[in-house]
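In what follows, a single structure is set out as structure tokens and then discussed.
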Amino acid sequence: MDPSQLRFILEELRFSAMLPAEVLDQLAAASTIKQIPAGTVIFREGGTNDNLYLIRDGRLALEMSVPGRGAVRILTLGAGEMVGWSALLDEGKMTASAIAVEDSEVVVAEAEKLRQLCRANRDFGYHLMEQMAAALSKRLVATRLQLLDLFAASPTPVPDRTSESEA
Amino acid sequence: MSSSYVAPLPDPRLATDPWRASTVAIRAVRPEVEGVSTYDLAFQDEAVRASYRFAPGQFNMLYLPGAGEIAISISDDPRNTATCAHTIRVAGNVTRTLAGMKVGDTLGLRGPFGTSWPLAECIGRDVVLVTGGIGLAPIRPAICALLHQRRQFGRLNLLYGARSPDTLLYAREYDDWSERGLIVHTTVDRSALGWMGNVGVVTLLLERLRSFDPRNTVLFCCGPEVMMRFTVLTALNRGMSPEQIWISMERNMQCAVGLCGHCQLGPDFICKDGPVFRYDRIAPFLDVEGL
Amino acid sequence: MTTSTAVKSKERFLSKEAFAQLFTVLRDHGYTVIGPTIDQEAIVYDRIHSVDDLPLGWTDEQAPGSYRLKPRDDEALFGYVVGPHSWKRFLFPPEATIAEANKTDAGWQFEGTTDDPPKFAFLGVRACELAAMRVQDRVFLSGAYVDPIYQRRRSRSLVIAVNCTQAASTCFCTSMRTGPQCTSGYDLVLTELASGFVIDAATAEGADILDSLETTVALIETQQEARAARQQAVQQIERRMDTTDIRDLLLSNLEHPRWSHVAERCLSCTNCTMVCPTCFCSSVKEVSDLSGEHVERQRHWDSCFNFDFSYMNGGNVRDNTRSRYRQWLTHKLSSWIDQFGTSGCVGCGRCITWCPVGIDLTEEVAAIRGDVP
Amino acid sequence: MHSKPKLGVFKFASCDGCQLSLLDAEDHLLAVAGAVEIAYFLEATSRIEPGPYDIALVEGSITTAHDAERIHQIRRDARFLITIGACATAGGIQALRNWADCPEFVRSVYATPAYISTLDTSTAIADHVKVDFELRGCPINQYQLIEIIQSLLAGRRPRTPVHSVCLDCKRRGTVCVMVTQGAACLGPVTQSGCGALCPTYNRGCYGCYGPAAQPNLVSLTNQFSAAGVPRDDVVRGLRSFNGYAPEFRVESDRLENSREPHA
Amino acid sequence: MTERTIKVTALTRVEGEGGLYIKLRENAVEDVRLEIYEPPRLFEALLCGRQLEDVPDITARICGICPVAYQMSSVHALEAALGITISPEIRRLRRLLYCGEWIESHALHVYLLNAPDFLGFESGLEMAESFPEAVKRGLRMKKHGNQLLEVLGGRAIHPINVAVGGFYRAPRRDDLQRLIPDFEWCLQAAVETTRWVAGFQFPDFSCDYQLVSLAHDDEYPMNEGRVVTSAGESIAVDDYEEEFEERHVEHSTALHSLRKKTGDTYLVGPLARVGLNLDQLSPTARRLADEVGIAWPTGNPFHGIVARGIELIHAFEEALSILRDYQPARPPRLDYSYVLGAGCAATEAPRGLLYHRYAIDADGRVLEAKIVPPTSQNQPQIEADLREWIPQALSDDEARTSRQCENLVRCYDPCISCSTHFLKVKIDRS
């Protein structure tokens with residue numbers, strides 16, 4: 001795809017919308033666009049993966065496998081969100097599997113290229129990592145909220161304190 | 001906006017003695033999800049039934065003699081005058097006793113009490129309803145009212161998070177709501193086999209919401225306090241202002257009329273100054289621990 | 001206060017001997033007299049029948065966490081300040097049946113309260129207590145919903161105020177602008193002198209009572225003597241509370257370290273709220289007979305200091321003493337203003353005297369203001 | 001028809017007063033007897049039915065090795081186990097031995113100590129098995145007991161107020177004996193349940209219902225000291241019928257171990 | 001040679017928990033033991049070092065059925081040690097409190113514990129199905145007895161108003177006199193009770209008792225008096241320990257109280273009291289004692305239920321007379337100063353004579369405590385009576401034999417929680 005077209009796409013994505021122009025150019029140059037049919041496994045937990053993905057359209061799911069429970073879907077991600085941070089930060093050792101829930105379109109950036117860009121251009125590195133950190137912090141907060149299990153019913157009924165009852 | 005959606009004056013009979021309940025009979029019990037049922041209650045006294053009106057967001061006090069009384073938000077279509085629906089989760093002694101009751105049994109009802117969703121504010125604007133768990137119940141009357149006068153509003157989005165796919169409330173109504181112009185987005189915290197929908201906390205849906213015009217949107221939020229805090233945070237981050245955000249608070253409502261002191265939060269009695277508050281009014285007191 | 005029309009002030013003099021007739025007159029007017037009497041080593045408010053029940057020759061010595069009865073060297077009947085009880089005990093009773101439910105063939109049927117109190121005559125109401133009644137009137141009578149029990153009791157009661165001629169060390173009514181002089185809210189008002197009382201009526205019902213008593217014109221000297229006696233109370237008030245911008249002061253200091261400091265001492269025992277003449281928190285309990293077919297809903301005094309007062313969804317919102325004390329003080333002095341257009345504090349000092357560990361709210365406010373180290 | 005829930009009443013080291021509370025509920029006794037099957041209640045009936053029991057009321061503390069075993073069997077037999085009274089919930093007055101040299105205690109009472117087989121401690125039932133609900137008091141309040149049984153019969157979880165005795169004093173118009181007399185009253189830290197008896201009878205509360213929720217013992221005992229109550233008396237006051245309840249125990253130990261010269 | 005043992009593992013319808021062990025050889029009684037497996041609670045030890053004001057509160061906890069008896073004996077013993085004499089008003093109020101306890105305890109024993117034996121029921125609650133009116137009558141008497149305890153003592157179990165020197169607060173006249181109409185009803189109910197139980201079938205059984213109780217010149221024994229016996233002795237309470245002794249008996253693990261000089265067993269409780277103080281009974285009680293057709297003093301332990309009925313009448317009648325004349329004592333409690341000393345006292349608990357002795361130091365602390373409860377005094381007598389009773393009770397049906405033995409034991413209304421804390425107990429459940 002034409003890098004200028006890619007740049008235009010990146011400008012529209014929540015993850016990259018705030019990046020300065022030259023960073024966007026560089027990112028666009030390091031990226032391609034890809035169609036992923038529903039059901040495609042993009043990478044597997046424990047496996048390696050060389051790319052960072054930004055979802056343009058469609059929905060991806062992250063799954064972790066738990067013995068006895070099989071693949072547990074942890075999170076679904078949609079347009080504007082980033083998938084595959086381990087490729088960039090964790091030397092490509094993936095912590096979850098990513099599967100396309102529906103036909104999706106993703107921007108694919110090669111992690112090694114991004115690392116090289118980061119090393120070569122601290123400014124690029126700063127801006128990319130800032131977006132990475134912001135995305136990850138949101139995901140961390142979301143995970144915490146998930147962890148709080150806010151919508152769980154009380155495990156056992158507790159006495160109402162709305163009134164003291166007495167025989 | 002039809003005046004029937006403005007919080008009505010209390011029934012004069014109730015106003016003379018706020019403690020006196022009216023008899024209602026259970027007309028129907030609809031199991032919703034595990035531990036949650038909807039009870040259609042009908043007033044025994046025709047005169048009371050005829051004069052009873054509520055606005056979306058208000059609550060009733062349901063009284064089970066011997067077991068106690070609890071505040072339950074009304075989850076019915078405000079145009080329904082024959083019965084009044086309450087969606088209730090078994091959580092304590094009163095709700096557990098209620099769960100053991102059957103069609104035809106009677107109980108006491110006081111209400112309606114409290115403030116309502118500001119539907120008039122929504123005219124000509126987009127509306128986002130963010131809700132979690134049983135928090136959809138107090139939003140349902142607002143959905144009914146919005147859809148009834150659908151053309152008066154812009155885009156309508158419901159963002160609803162539940163614990164798991166089998167705990168999504170009112171699932172049988174989503175298609176109807178969608179057809180009538182409400183976009184229903186659901187997500188679950190705990191996925192299950194075969195669930196093809198979203199997984200993740202409900203605030204993420206707000207984060208992802210497209211076609212979102214922060215300056216021309218009214219947001220209603222109802223759910224656990226922590227969820228509401230982060231929903232508001234997300235909404236503010238997306239450019240909404242505090243005056244466009246309305247939340248429905250919960251405290252230990254006992255008298256429902258501001259006389260017993262139990263449900264105070266800062267300068268407000270949740271029962272009479274709430275439960276629906278504009279966010280900027282309640283904001284200074286929402287983040288203070290133990291207030 | 002009875003709802004009769006106000007009348008113009010015309011001070012009269014009532015001798016001590018004639019004062020004794022007041023009880024007969026009140027009884028003839030159908031009143032049950034509630035007034036000060038000595039019980040349990042304190043001057044309490046209880047049903048009294050004659051002048052003999054009054055605490056003749058007794059006074060109280062008060063300090064934070066301390067109250068002692070002391071004999072006086074004169075024969076004053078009202079020579080004390082305020083005690084452990086307040087009139088709210090009679091207007092907003094500690095236990096009351098607010099509603100009833102009866103199971104019939106047609107299901108549960110509900111009744112409101114059947115509270116039918118006697119007509120009370122409150123004898124010896126102080127200025128701060130008149131203010132407290134006004135505060136509770138706002139709470140129970142001014143909103144969209146009216147408490148029927150309070151309303152009935154209040155509308156039928158006669159208020160006979162007595163001006164303070166002395167103050168306790170815990171009094172700070174001057175700071176709250178509620179006293180010590182009675183200015184409104186009474187049917188009759190008395191100022192006690194060695195020889196008798198200067199008495200005045202403010203309502204037609206008060207005037208009616210006054211006319212039934214043997215009084216004489218209050219001489220100028222007597223009126224002056226009464227003024228001096230009242231002034232003596234003003235001069236004795238030592239305690240102060242700076243109420244400047246107090247609403248915002250407290251609400252903008254919700255995380256002040258002083259809350260933790262006071263929580264180290266506070267017992268969360270509820271005493272301050274119970275003795276407070278304006279505190280109105282309550283809870284309802286279900287009292288059913290054995291068949292379970294007749295149920296009474298009994299309202300009783302409760303307190304924001306009660307551990308599970310803020311119980312919700314299996315936990316307590318205010319789960320420690322710090323948050324509970326903060327709730328009480330910010331409500332009383334600050335958010336009360338938002339809710340009812342008045343402070344919830346009348347400066348009677350009961351919460352200071354009757355705190356078992358002598359916590360003094362004026363000191364706490366000063367600390368938050370930064371006035372004490 | 002459903003068979004009636006089975007009630008068992010079991011006794012450990014105690015005075016019998018708490019189970020007597022059930023027999024003292026004269027107006028309710030026959031109704032209770034009609035609503036449950038009294039399957040084990042030695043004091044009231046010679047009919048002894050084997051477990052399991054739907055409701056087991058357990059009175060008394062664990063003071064012997066045999067009882068420490070026996071309570072486990074009762075727990076196995078009980079669907080809902082309720083401990084009743086200060087002995088069962090806090091070890092009772094006999095828990096004073098926990099601070100003493102128990103063999104010496106035994107020697108001082110019994111001429112032939114060898115015959116006495118007892119543990120060195122008296123402990124609460126909850127120290128040995130899971131307890132579903134604790135009903136406080138020395139003795140318990142019979143209305144609370146009836147209410148709990150009725151709650152369980154109605155499928156409700158029982159509850160009892162956890163606030164301080166002070167609230168009850170004020171409701172009934174009792175004047176504070178701490179403030180008027182300087183009495184060392186445990187009311188501000190003691191759980192409601194008795195109806196504020198002692199202050200109403202002109203004496204300080206001595207803590208029959210054990211610690212209230214979140215009691216501030218340190219502040220109260222500081223106040224006692226300030227009022228001139230000797231530290232030994234404060235320690236002794238805390239060590240009575242609920243002396244071994246954790247909050248009271250920790251405070252009496254703290255006072256005993258503090259060696260402030262002026263205290 | 002045939003050997004049989006009869007074991008009643010758990011005595012029912014008695015206060016506290018104990019068992020019965022009987023060993024027979026050739027149908028002759030070889031061993032009879034009232035086995036008490038109540039764990040010891042060591043009251044006498046834990047009283048030492050306590051301030052004397054704590055004593056009535058602590059001793060109350062010895063027994064939930066008769067806390068007042070423990071409070072009364074302890075305050076009287078401490079007052080003796082302190083050298084204080086209470087006022088007549090306080091003394092009357094204490095008698096009134098004691099009446100409340102007798103009523104509560106006797107009504108409980110008669111209706112819920114003992115009567116079912118005579119009528120063939122396993123409990124009073126079961127008996128209520130066949131005799132609803134009688135049981136309701138019993139419960140109502142018990143309730144009013146408890147109400148008296150509540151007004152005077154604050155609560156029925158472990159009253160809080162009993163103090164060394166008097167009462168913490170004198171009850172209001174109105175509060176007490178409000179009880180009068182119910183007590184008038186109860187007096188009649190007690191008469192009916194006595195007639196009812198006197199009509200029961202009593203086994204033909206008699207023992208040659210040495211009866212021991214307090215006796216007082218002016219009144220039926222309750223708070224004080226001399227210790228008198230059916231042998232004609234009159235012993236000052238101060239000399240109690242000269243005449244009575246807790247002794248280790250070979251066949252038993254329990255300490256038995258016996259006559260010190262002769263080693264004889266003796267009987268305390270209602271049978272002894274009625275038998276030795278017939279002329280001090282209230283008029284109605286005295287009339288009923290004659291009417292029931294029992295020759296007092298009786299040697300038949302099964303007559304205990306009738307004696308309790310008579311004492312119920314007495315307690316209601318005496319309570320009524322005190323209630324009618326009641327004036328609050330001023331002051332309700334006498335002041336005193338601490339002195340080094342010792343004192344003893346005996347009062348009549350519902351189950352019989354209860355002896356306390358305390359030594360106190362000059363700071364008001366307990367140095368030594370001795371408590372002899374009624375059941376430890378009756379225990380050797382119970383065992384002795386069982387030996388006599390077994391040949392008559394014996395049958396091939398083991399359960400029946402056990403029940404017969406239990407029936408006898410229940411007649412004494414043993415209070416095991418009380419006794420155990422002072423008895424020498426060996427916990428042996430073989």
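The structure displayed is predicted, hence computed values, not measured ones. Order of the sequence lines fixes the chain letters, A, B, ..., with proteins taken first and strands second; residue numbering starts at 1 for each chain.
Contacts between C:Val357 and chain D at a heavy-atom distance below 4.5 Å involve backbone atoms as well as side-chain atoms. Of the two parts of C:Asp319, the backbone and the side chain both hold a non-hydrogen atom closer than 4.5 Å to a non-hydrogen atom of chain D. Neither the backbone nor the side chain of C:Thr273 comes within less than 4.5 Å of any heavy atom in chain D. Interface residue C:Pro356: backbone and side-chain heavy atoms are both found under 4.5 Å from chain D.
Counting heavy-atom pairs closer than 4.5 Å to chain D, the top-ranked of the candidates C:Met274, C:Gln40, C:Glu95 is C:Gln40. Looking only at heavy-atom pairs under 4.5 Å with chain D, the residue among C:Ala63, C:Gly65, C:Gly83 that has the most is C:Gly65. For the options D:Pro188, D:Pro199, D:Gly187, D:Gly173, heavy-atom pairs under 4.5 Å to chain C are most numerous at D:Gly173.
Nearest heavy atom pair, residue C:Cys355 against residue D:Val179, reads O-CG2, 4.3 Å. For the pair D:Gly182 and C:Arg68, the tightest heavy-atom approach, listed with the atom from each and the gap, is N-NH2, 3.6 Å. Across all non-hydrogen atoms, the minimal contact from C:Glu41 to D:Asn202 is OE2-OD1, 4.2 Å. Annotation for D:Leu167 and C:Trp301: closest pair CD1-O, 4.2 Å, computed over non-hydrogen atoms.
The CD atom of D:Gln181 sits 11.5 Å away from the OG atom of C:Ser66 when rounded to the nearest 0.5 Å. Summarising the geometry, atom CD1 belonging to C:Ile359 is positioned 6.5 Å from atom OG belonging to D:Ser219; distances are rounded to the nearest 0.5 Å. Separation of atoms OG (C:Ser303) and NZ (D:Lys170) is listed at 11.0 Å; rounding is to 0.5 Å.
Of all residues in residues 263-272 of chain C, those placing a non-hydrogen atom less than 4.5 angstrom from a non-hydrogen atom of chain D are C:Ala263, C:Glu264, C:Arg265, C:Cys266, C:Leu267, C:Cys269, C:Thr270, C:Asn271. Residues from residues 208-215 of chain D that place a non-hydrogen atom less than 4.5 Å from a non-hydrogen atom of chain C comprise D:Ala213, D:Gln214, given in numerical order.
Proximity of C:Val44 to D:Val175: side-chain heavy atoms (C-beta onward) are separated by under 4.5 Å at one or more points. C:Asp308 has its side chain within reach of D:Val162: a pair of non-hydrogen atoms, C-beta onward, lies under 4.5 Å apart.
Under a cut-off of 6.0 angstrom, the local environment of CZ in D:Arg172 is crowded, with over 12 non-hydrogen atoms contributed by other residues, nucleotides or ligands. Other residues, nucleotides and ligands contribute more than 12 heavy atoms inside 6.0 Å of the CZ atom of C:Arg72.
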